[in-house]
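No hydrogens, no waters, no symmetry mates; every other heavy atom, side chains included, goes into these values.
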Amino acid sequence: MRGFVSTRIRRLIVNADDFGRSPSINSAVIRAHRDGILTTASLMVNEPFADEAVQLARENPRLGVGLHLVLVGGRTSANNQQPTTHNQRRRASALGVACSKLNAGCSPMSPVQAGFQFFFDRSMETWIEQELSLQFERFRATGLVLDHVDGHLNFHLHPTVLRVLLRKADQWGIRRLRLTVDPFWLNTRLAGGEWTYRCSHALIFRMLSAWAGPKLRRAGIRHTDRVFGLLQNGRVHEDFLLRLLPCLPAGDSELYSHPSETDFAHETAALISPRVRRAVAAAGIRLIRHQDL
């Protein structure tokens with residue numbers, strides 16, 4: 001693996017999810033960008049420290065910032081806004097009806113429950129479109145360039161959610177989106193353990209990506225050839241990166257991580273590791289943002 005030589009350019013986006021969720025995450029994102037290999041971050045616009053994240057992004061203009069859509073496991077726009085106009089009150093009322101079905105404040109704690117409900121309850125598509133519209137509005141209000149779109153727990157690839165995103169792509173300015181397909185067999189050479197999680201997620205997202213890929217290409221929405229990080233599930237540590245970088249396949253790849261100064265400090269340490277930075281240089285890998293695709 002370490003002797004891999006490519007005849008094609010290898011480009012890598014290094015992304016941090018959950019930007020804006022806490023000061024610990026915000027601090028780690030900026031440190032990993034300034035002192036390490038991080039090139040982009042995905043902003044959760046409804047989290048308590050999103051405004052801090054936006055200010056930090058403005059101070060670091062080379063950091064590409066995308067929208068990390070939240071439909072499960074986080075705060076939604078309906079919980080954060082105070083409707084003032086007649087149209088806003090009507091929208092909030094519609095959201096409230098849909099939220100009551102989810103029994104968890106518009107963001108079900110169980111991804112499995114949400115996945116089935118989104119798929120089988122057709123009325124949920126209206127709520128999804130309204131909720132996503134609010135999140136895109138919040139992102140536009142920051143004045144930041146939309147580098148990319150992805151989803152918390154990769155829910156943006158749920159068939160119902162993606163159908164909405166494709167339908168509204170032009171209006172919402174979606175030009176680049178994460179197609180989450182993590183090469184399973186390569187991953188088995190790089191890491192061990194967590195086999196139930198890794199096998200199940202590899203299968204689920206292989207099927208979702210196979211379904212979504214042609215639709216994204218027909219819509220002219222760009223994405224990388226592959227994505228690393230899904231099968232690591234919070235285990236993007238230095239050793240994994242030192243194994244991955246020398247055998248990174250040719251073409252465009254994304255590595256997503258969850259750096260923080262507390263819970264995932266090992267991921268922050270990996271992203272700023274001098275050994276990792278040397279490995280990137282030695283492998284001739286170009287670090288890019290989604291907007292560079």
Side chains of residues 214-222: which donor-acceptor partners sit under 3.5 Å, not counting sequence neighbours?
| residue | atom | partner | partner atom | Å |
| --- | --- | --- | --- | --- |
| Lys215 | NZ | Trp211 | O | 3.4 |
| Arg217 | NH1 | His223 | NE2 | 3.3 |
| Arg222 | NH1 | Leu293 | O | 2.5 |

Short side-chain donor-acceptor distance under 3.5 Å, [Y] and [X]:
X: Gln135; Y: Ser77; value: no
X: Arg226; Y: Ser253; value: yes
X: Asp182; Y: Gln232; value: no
X: Asn154; Y: Thr180; value: yes
X: Ser42; Y: Asn15; value: yes

For [X], I'd like to know if atom [atom1] has over 12 heavy atoms of other residues, nucleotides or ligands within 6.0 Å.
X: Tyr197; atom1: OH; value: yes
X: Trp195; atom1: CH2; value: yes
X: Asp51; atom1: CG; value: no

What distance separates [X] [atom1] from [Y] [atom2], expressed to the nearest 0.5 Å?
X: Leu162; Y: His156; atom1: CG; atom2: NE2; result: 8.0 Å
X: Arg289; Y: Arg11; atom1: CZ; atom2: CZ; result: 11.5 Å
X: Leu244; Y: Asn187; atom1: CG; atom2: CG; result: 9.0 Å
X: Ile174; Y: His148; atom1: CD1; atom2: NE2; result: 12.0 Å
X: Arg175; Y: Gln291; atom1: CZ; atom2: CD; result: 13.5 Å
X: Arg243; Y: Asp239; atom1: CZ; atom2: CG; result: 4.5 Å

Same cluster or not: [X] versus [Y], using hydrophobic residues (I, L, V, M, F, W, Y) connected whenever any side-chain heavy atoms lie under 4.5 Å apart?
X: Phe205; Y: Ile13; answer: no
X: Leu177; Y: Leu179; answer: yes
X: Val65; Y: Leu132; answer: yes
X: Ile288; Y: Leu38; answer: no
X: Leu166; Y: Val181; answer: no

### Task
Check Leu186, Leu12, Val280 against Leu248 for a side-chain contact (heavy atoms from CB on, under 4.5 Å) and give me the one that passes.
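Only one option passes, and that is Leu12.
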#### Entry: Contacts of type side-chain contact (heavy atoms from CB on, under 4.5 Å), residue Ala279, not counting sequence neighbours
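For Ala279, the residues satisfying side-chain contact (heavy atoms from CB on, under 4.5 Å) (neighbours in sequence not counted) are Leu242, Leu245.
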### Task
Would you check, one step at a time, whether the test side-chain contact (heavy atoms from CB on, under 4.5 Å) holds for Ile37 with Arg277?
CA-CA 7 Å; Ile37 64 171; Arg277 286 186 293 167; 3.7 Å; yes
### Query
Could you give all pairs that pass the side-chain hydrogen bond (donor to acceptor under 3.5 Å, both in side chains) test and reach residues 163-174, with sequence neighbours left out?
Glu125-Arg163, Glu125-Arg167, Glu129-Arg167, Lys168-Gln171
Taking the side chain as every heavy atom from C-beta outward, state whether [X] and [Y] have any atom pair closer than 4.5 Å.
X: Phe264; Y: Ser257; result: no
X: Phe119; Y: His158; result: yes
X: Met124; Y: Thr160; result: no
X: Phe155; Y: Leu69; result: no
X: Phe118; Y: Pro159; result: no
X: Val29; Y: Leu56; result: no
X: Thr262; Y: Ile25; result: no
X: Tyr256; Y: Leu230; result: yes

Does [Y] offer a backbone N or O that forms a donor-acceptor pair with the side chain of [X] under 3.5 Å?
X: Thr188; Y: Trp185; result: yes
X: Arg10; Y: Asp252; result: no
X: Ser260; Y: Ser24; result: no
X: Ser27; Y: Pro23; result: no
X: Glu267; Y: His258; result: yes
X: Glu47; Y: Arg75; result: yes

### Message
With ring-ring contact (aromatic ring centres under 6.0 Å, His included) as the rule and sequence neighbours excluded, what pairs involving residues 19-70 come up?
### Response
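Output for this query lists His68-His152.
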### Message
I'd like to know whether Leu287 forms a side-chain contact (heavy atoms from CB on, under 4.5 Å) with Val14, so could you lay out the CA-CA distance, the side-chain angles of the two residues, the decisive distance to 0.1 Å, and finally the verdict.
### Response
CA-CA 7 Å; Leu287 297 177; Val14 184; 4.1 Å; yes
### Query
Within 45° of the axis and under 6.0 Å from the centre of the six-membered ring of Phe240, does NZ or CZ of Arg235 qualify?
no
### Task
Applying side-chain contact (heavy atoms from CB on, under 4.5 Å), run through Asn60 and Ile30 and close with a yes or a no.
CA-CA 8 Å; Asn60 294 271; Ile30 297 305; 3.8 Å; yes
Throw together a table of side-chain donor-acceptor distances under 3.5 angstrom for residues 269-276, partners on residues two or more places apart or in other chains.
| residue | atom | partner | partner atom | Å |
| --- | --- | --- | --- | --- |
| Ser273 | OG | Glu238 | OE2 | 2.5 |
| Ser273 | OG | Arg275 | N | 3.2 |
| Ser273 | OG | Val276 | N | 3.3 |
| Arg275 | NH1 | Glu238 | OE1 | 3.3 |

### Message
Is there a side-chain contact (heavy atoms from CB on, under 4.5 Å) between Val149 and Phe136? Walk through the geometry before answering.
### Response
CA-CA 10 Å; Val149 173; Phe136 275 96; 4.0 Å; yes
### Task
Return the set of residues passing salt bridge (charged side-chain N to carboxylate O under 4.0 Å, His left out) with Arg176 (not counting sequence neighbours), or none when no residue passes.
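Arg176: no salt bridge (charged side-chain N to carboxylate O under 4.0 Å, His left out) contacts found.
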